[in-house]
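Below, read A as the first sequence line, B as the second, and so on, with proteins coming before strands; counting in each chain starts at 1.
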Amino acid sequence: GAGVSQTPSNKVTEKGKYVELRCDPISGHTALYWYRQSLGQGPEFLIYFQGTGAADDSGLPNDRFFAVRPEGSVSTLKIQRTERGDSAVYLCASSPSGTANEQFFGPGTRLTVL
Amino acid sequence: SQKIEQNSEALNIQEGKTATLTCNYTNYSPAYLQWYRQDPGRGPVFLLLIRENEKEKRKERLKVTFDTTLKQSLFHITASQPADSATYLCALVRISGYALNFGKGTSLLVTP
């Protein structure tokens, strides 16, 4: 399996709790992206990493959302004080570099905030 | 504000016909545009990329056109098959030049 993997596949939490979503990109891909997809909508950009650094975090909706990629491979999206409106599928994608390349998406993590 | 619009209604066609999906955008000057396919419960899968200086791109039964004057891309699937049934997403590169801005997608159903 050389594709992008995401864990967990499903996460149910209660309002106000903290969650972490993990993404394992394709080995060797330096660019990593997080998107959020609500029902009936296209994916919405959250943050882009080039290597270990967040090159563009302009899509993060507020300061409850944070993401890291400490070693330039695995990334974790962290959401504090979850709200019902955070419920969505969180998609991770990677590409060989941050240029006009196709992006390889993982299957997503479905987050449900009760 | 920047907008990407795709056919909001589902497209139903008969097997063997050509499916044509539309992507219109406003307040954008994209360097390139991509089309993805998404099946229920799965992440999008890349299909084709077309650059602003390219009018048309083909790959097997797929064809994409890009008209920067009309601010429109058309996506064609010829000799459609039931296995082509899925949601098709149009995506433009963001101003940052890296991440993608997606349309809502168009659902295609090909019936035998």
Side-chain angles (χ1 to χ4, degrees), chain A residues 1 3-10 21 23-26 29-51 53-60 67 75 88-110, chain B residues 1-10 21 23-25 28-54 57 59 62 64 66 73 75 86-107:
Chain A
V4 177
S5 62
Q6 293 186 246
T7 54
S9 54
N10 278 285
L21 311 179
C23 172
D24 278 88
I26 292 173
H29 281 192
T30 60
L32 185 145
Y33 310 81
W34 283 99
Y35 295 85
R36 176 169 72 173
Q37 187 172 26
S38 300
L39 195 63
Q41 303 294 315
E44 174 192 20
F45 168 73
L46 296 176
I47 187 169
Y48 155 62
F49 286 90
Q50 181 59 252
D56 182 356
D57 64 357
S58 63
L60 294 177
S75 176
V89 175
Y90 288 80
L91 293 163
C92 175
S94 69
S95 65
S97 65
T99 57
N101 288 315
E102 64 178 281
Q103 294 185 15
F104 297 82
F105 282 81
T109 293
R110 180 175 297 280
Chain B
S1 62
Q2 297 172 329
K3 280 187 180 178
I4 303 168
E5 295 182 344
Q6 297 188 245
N7 314 59
S8 57
E9 299 203 359
L21 285 67
C23 175
N24 295 299
Y25 59 92
Y28 258 107
S29 295
Y32 60 95
L33 183 150
Q34 299 185 10
W35 283 88
Y36 286 78
R37 169 187 172 138
Q38 187 171 28
D39 291 282
R42 310 190 77 139
V45 174
F46 172 81
L47 296 174
L48 280 169
L49 178 155
I50 187 165
R51 301 179 190 279
E52 62 177 340
N53 60 351
E54 297 174 317
K57 206 89 171 271
K59 179 182 175 183
L62 309 180
V64 174
F66 194 11
S73 174
F75 177 79
T87 295
Y88 291 85
L89 297 158
C90 158
L92 278 68
V93 66
R94 281 169 57 89
I95 294 173
S96 63
Y98 305 115
L100 299 172
N101 266 6
F102 284 90
K104 289 185 179 181
T106 297
S107 176

### Task
Check whether any side-chain N or O of A/Tyr35 sits under 3.5 Å from a backbone N or O of B/Ala99 as a donor-acceptor pair, and report yes or no.
no

### Query
Just by distance, with hydrogens left out, do A/Gln103 and B/Gln34 show a side-chain donor and acceptor under 3.5 Å apart?
no

#### Entry: Over all atoms of both residues, closest heavy-atom pair of A/Leu91 and B/Pro44
CD1-CD, 4.0 Å

#### Entry: For chain B, the option from A/Gly108, A/Pro107, A/Pro43 that forms the most heavy-atom pairs under 4.5 Å
A/Pro43

### Query
Who are the side chain to side chain contact (heavy atoms under 4.5 Å, CB included) partners of A/Ala67, not counting sequence neighbours?
A/Trp34, A/Ile47, A/Phe49, A/Leu77

### Message
Test of understanding: with salt bridge (charged side-chain N to carboxylate O under 4.0 Å, His left out), list the residues that count as partners of B/Asp39, not counting sequence neighbours.
### Response
B/Arg37

### Inter-residue atom distance B/Phe102.CZ - A/Gln41.CD, 0.5 Å rounding
13.0 Å

### Task
Could you tell me which portion of B/Gln6 (side chain, backbone, both or neither) has an atom closer than 4.5 angstrom to a non-hydrogen atom of chain A?
neither

### Query
Is the NZ atom of B/Lys57 crowded by more than 12 outside heavy atoms at less than 6.0 Å?
yes

### Query
Which answer fits A/Gln37, side chain, backbone, both or neither, if we ask what part of it has an atom under 4.5 Å from a heavy atom of chain B?
side chain

